Amino acid sequence: MTATINLPTILRAHAAGSRTIEATGQTVGEVFAAVSTTHPKLAEQLISPDGSLPVFVNVFVDDEDIRYLDGLDTPIASGSEITILPAVAGG
Amino acid sequence: MIRLHRDMVTAMLVHAENCDPEESCGLIATDPDGILRMVFPLTNALRSSTNYTIEPREHFRAQRHADARGWEITGVFHSHPHTQAYPSPTDVRLAPDPGWLYLLVGMEDRGHPVVRGFRITDGRISEETLEVQERNHP
């Protein structure tokens, strides 16, 4: 399945300034793995060294936060939109 | 210099008062010309008087709202209920984007809250002059 990935401004530098990129996979994790071959610096921001989702990144498939679905195992449908958002926090 | 409409300042101040004693927070959107178009008052998921995290699903909806209008999310605002309008060490450490505008509502002087703007780049804080406009952009 091919998904469109919407990137926040902070991550676009790792995708030649693109607002969106496309990648294929059956799950969010597979899509991110595909990104690691085309945009390795970007993928480093999406998958922790231990293979988990980084704490300071929020990922939505279409309108749903994948932390409330199956995380990186969340399935992707053809035409799905994956939206990456930075966690926004402070004190 | 950052120009923002009086209504946006009012929205941030009212949100800060409504959330007090917890920190308030929200996002800022600008149009392709760099004009500040909207502040989104959002939920502090931590419900804390000393820290905030913007509720991710509300962040997503604000992003969609901005996308639909061709705007970008270009900043964040939050309140300091008991201290001045200046980025804390935590704000500096967690600043998500060096290109963003950071608006702070300081409520140290309870009767006279203050709004100030900053950039946080590589751990360095620089203040932006804010110009409050009484009339909206066309």
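Below, chain A is the first sequence line, B the second, and so on; all start at residue 1. Not measured: the values here are computed from a predicted model.
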Review point. Side chain, backbone, both or neither: which part of B/His78 has an atom under 4.5 Å from a heavy atom of chain A?
Key: side chain
Check your understanding: Can you get from B/Phe118 to B/Leu27 by hopping between Ile, Leu, Val, Met, Phe, Trp and Tyr side chains that sit under 4.5 Å apart?
Key -> yes
Review point. So do the side chains of B/Phe60 and A/Asn58 get within less than 4.5 Å of each other, counting heavy atoms only?
Key: no
Review point. Would you say the side-chain atoms of B/Asp91 pair up with the backbone N or O of A/Gly91, donor to acceptor, closer than 3.5 Å?
Key: yes
Review point. Going by heavy atoms in the side chains, are B/Trp100 and A/Ile10 under 4.5 Å from each other?
Key: no
Exercise for review: Mind checking the CD-CG spacing from A/Glu81 to B/Asp67? Nearest 0.5 Å is all I need.
Suggested key: 8.5 Å
Practice item. Indicate if A/Ile47 and A/Ile21 have the same hydrophobic cluster label, given that clusters are the connected sets of ILVMFWY residues with side-chain heavy-atom separations under 4.5 angstrom. Key: yes
Review point. What about B/Val9 and B/Leu101, same hydrophobic cluster or not, with Ile/Leu/Val/Met/Phe/Trp/Tyr joined at side-chain heavy-atom distances under 4.5 Å?
Key: yes
Point to revise | Criterion side chain to side chain contact (heavy atoms under 4.5 Å, CB included) against B/His59, the qualifying member of A/Asp65, A/Thr83, A/Leu85 | key: A/Leu85
Review point. Where on B/Arg64 is there a heavy atom nearer than 4.5 Å to chain A: the side chain, the backbone, both, or neither?
Key: side chain
Practice item. Determine whether B/Pro56 and A/Val88 make a side-chain contact, defined as any pair of heavy atoms from C-beta on separated by less than 4.5 Å. Key: no
Practice item. Please check if A/Leu53 and A/Ile76 belong to a single hydrophobic cluster, counting links between Ile, Leu, Val, Met, Phe, Trp and Tyr side chain heavy atoms closer than 4.5 Å. Key: yes
Practice item. Report whether B/Met12 and B/Leu42 are members of the same hydrophobic cluster (ILVMFWY, side-chain heavy atoms less than 4.5 Å apart, transitive linking). Key: no
Review point. When only pairs under 4.5 Å are counted, which of A/Ala87, A/Pro8, A/Pro86, A/Ala89 shares the most heavy-atom pairs with chain B?
Key: A/Ala89
**Study point:** Cation-pi geometry met for B/Arg57 and A/Tyr68 (6.0 Å, 45°)
**Key:** yes
Exercise for review: Could you look at A/Thr9 and say if it's the side chain, the backbone, both or neither that has a heavy atom under 4.5 Å from chain B?
Suggested key: both
Review point. Chain B heavy atoms under 4.5 Å from A/Asn6: which part of the residue, side chain, backbone, both or neither?
Key: neither
Point to revise | Atom group of A/Arg67 that falls short of 4.5 Å from chain B, counting heavy atoms | key: neither
